[in-house]
Structure formats: structure tokens, C-alpha cells
Amino acid sequence: NLESQINPVVNPKRQQPLEAAIEKARKERRNAVPSADATQPPANSAGPDHVREPARPDHVRNVSFAWQELGEIKVSARNARNHRISTLSKNSGAGPYDMLRSRTMRIMRENGWKRLAITSPNMACGKTTVATNLAFSLARQSDNRVILLDMDMRRPSMHDILSHRDRWSFHDVLEGKLHPEEQLLRFGENLIFGLNYKPANNPAELLQSEKTREILEIIEAKFQPDFILFDMPPMLVSDDNVGFMQNVDCGLLIG
């Protein structure tokens, strides 16, 4: 029963450890002055120069072009069924996730939030399946731009769910080896995936680094998503989540 497994988007008034950490980080992000370095590409990037441009009258056209220049990923209906992805299209199995989508959208928009961390207490709770279904459900509304990033860098599994493999992983982007547009993949017109195909060498340090924060700012500025979903590591397995929560606005706990 999906509904019994999903806790609501966190309420900042509930001072549990996860909620308190996210609320503190949210205030810091709102008060922070963006670093000039955040507009620059990674110093050791192998790709073409990229600088975040200020908003211009034709910024909508520029954002659309940024989406269109990404490589594409295809997901077949058969593969979706095999991996419990029920929201690729509107069907009876999509109902619980669509309800979650509507509730998530309402709470996040009411509070002006864009970034949602999806995590669980332990492994095998289904958080990656929930994150992927929620992303597809959000993207079925054509006016939503959605990004889903695999941040579980010790045990990446989203690429298996989508049956896709490639040479470069998203953690290579965070390590400065690639520009985001060289690795991110677009599904349809309004959904982007950042997938990992192998574990990162230093996941805790990478997730907690200032470079990761800056690259996420670059991604948000370039693609202007309405929602960014982060498939995070389980909370009780490692300390990977601890420093990263400063980068999100709210969290969804799958248990």
C-alpha cells in the first residue's frame, strides 16, 4: 500500500532531525548572497566554456534551447512495467503517485520551494521507485519542468530502473569532469535525468562540497526547472545526507 509507506512533505514546524536540518538550511539559502564563482563552469571541465547569463527578454527561448540540446533517453512501456514504473502514462496504477504529485505540488508552490530530497531510513524501502514515479507523474503535466538527480552515489540504481547505461555518471559532473549538459539526459520535452552508472569514490565528501552546491546552482539557472528531485542515500546507512541537506527546501521520507 503506497499511501501507508509515504510520509508527507516535511512540515518545518515539526522539529525532528530531518525537518530541523532542512528548515535551517532553507533559511541560510534564502539569506545567502550567490557566489560569483557559482556562475562559472568547473575549472577542470573537459567541455566547452559555459557561463550563466543574466535574465534577458528572450530567456524563455534560451531555456528551451538548453533543454533541446540535451541527449535523449527512451523508456519503453514494457521496461516501465518490469520496474514498477506506473506513471509513464495515465493508467489505473498511476493513481497513488498522482495523488502524491498533487499534494507535493501544492505544498511546494505554497511555500515557494523547488528542491525536494527523497530519502528513507534504510535500504530497500522503495525510495528510488517512488522518486522515479513522482518525476514521471510531475512531467505528465506539460507546464512543469522537472529534474530528477540520482544522489545515492554508493548504490546507484535509477539507471537500472530506466534500463540505461552510459560512460559518464552524474557524479562526474559534480567532480568537475564534465559540464551538466554533456551528461544530463532529457525524456520528452520537460523531464531531465542525472544518472549514475557506477559508485562514486568519495560520496560523502562530494555531496557535502561547495563545488556541488555551485554546480546545482548552475543547473537550476540554465534549465529553470519548476521542481528538482534528489534521490538521496538512506539516512541511517552513512553520513552522505548530513551536509547535503543545506541544498534542498523540503524532504519526502519513504519508510
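The first residue in the sequence is number 1, and the count goes up from there. All figures in this text were calculated on a predicted structure; none of them were measured in a lab.
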Applying side chain to side chain donor-acceptor pair (under 3.5 Å) to Arg109 and not counting sequence neighbours gives Asn144
Just list the side-chain donor-acceptor pairs under 3.5 Å for residues 152-161, sequence neighbours left out, or say none.
from   : atom 1 : to     : atom 2 : distance (Å)
Asp152 : OD2    : Lys127 : NZ     : 3.1
Arg154 : NE     : Asp240 : OD1    : 3.3
Arg154 : NE     : Asp240 : OD2    : 2.8
Arg154 : NH2    : Asp240 : OD1    : 2.9
His159 : ND1    : Asn196 : O      : 2.9
His159 : NE2    : Arg165 : NH1    : 3.2

Across all chains, not counting sequence neighbours, the side chain to side chain donor-acceptor pair (under 3.5 Å) partners of Ser120 are none
So the salt bridge (charged side-chain N to carboxylate O under 4.0 Å, His left out) pairs with at least one residue in residues 129-139 (sequence neighbours excluded) are none
The side-chain hydrogen bond (donor to acceptor under 3.5 Å, both in side chains) partner of Asn133 among Thr128, Thr87, Asp98 is Thr87
Sequence neighbours excluded, the answer for ring pair (Phe, Tyr, Trp, His ring centres under 6.0 Å) partners of Phe170 is none
Residue pairs passing the ring pair (Phe, Tyr, Trp, His ring centres under 6.0 Å) test with at least one member in residues 235-255, sequence neighbours excluded, are Phe230-Phe244
Residues passing the side chain to side chain contact (heavy atoms under 4.5 Å, CB included) test with Asp166, sequence neighbours excluded, are His164, Tyr197
Quick note, salt bridge (charged side-chain N to carboxylate O under 4.0 Å, His left out) partners involving residues 62-82, not counting sequence neighbours, are Glu69-Lys222, Glu72-Lys74, Glu72-Arg186
Applying side chain to side chain contact (heavy atoms under 4.5 Å, CB included) to Asp172 and not counting sequence neighbours gives Trp168, Ser169, Glu175, Lys177, Leu178
Side chain to side chain donor-acceptor pair (under 3.5 Å) filter on Asp150, not counting sequence neighbours, yields none
For Phe227, the ring pair (Phe, Tyr, Trp, His ring centres under 6.0 Å) test, sequence neighbours excluded, returns none
Those residues at least two apart in sequence (or on a different chain) that pass side chain to side chain donor-acceptor pair (under 3.5 Å) with Glu205 are none
Donor-acceptor check, side chain of Asn247 to backbone of Arg213, threshold 3.5 angstrom: yes or no? no
Ring centres under 6.0 Å, that's the criterion: do Phe136 and Tyr97 meet it?
no
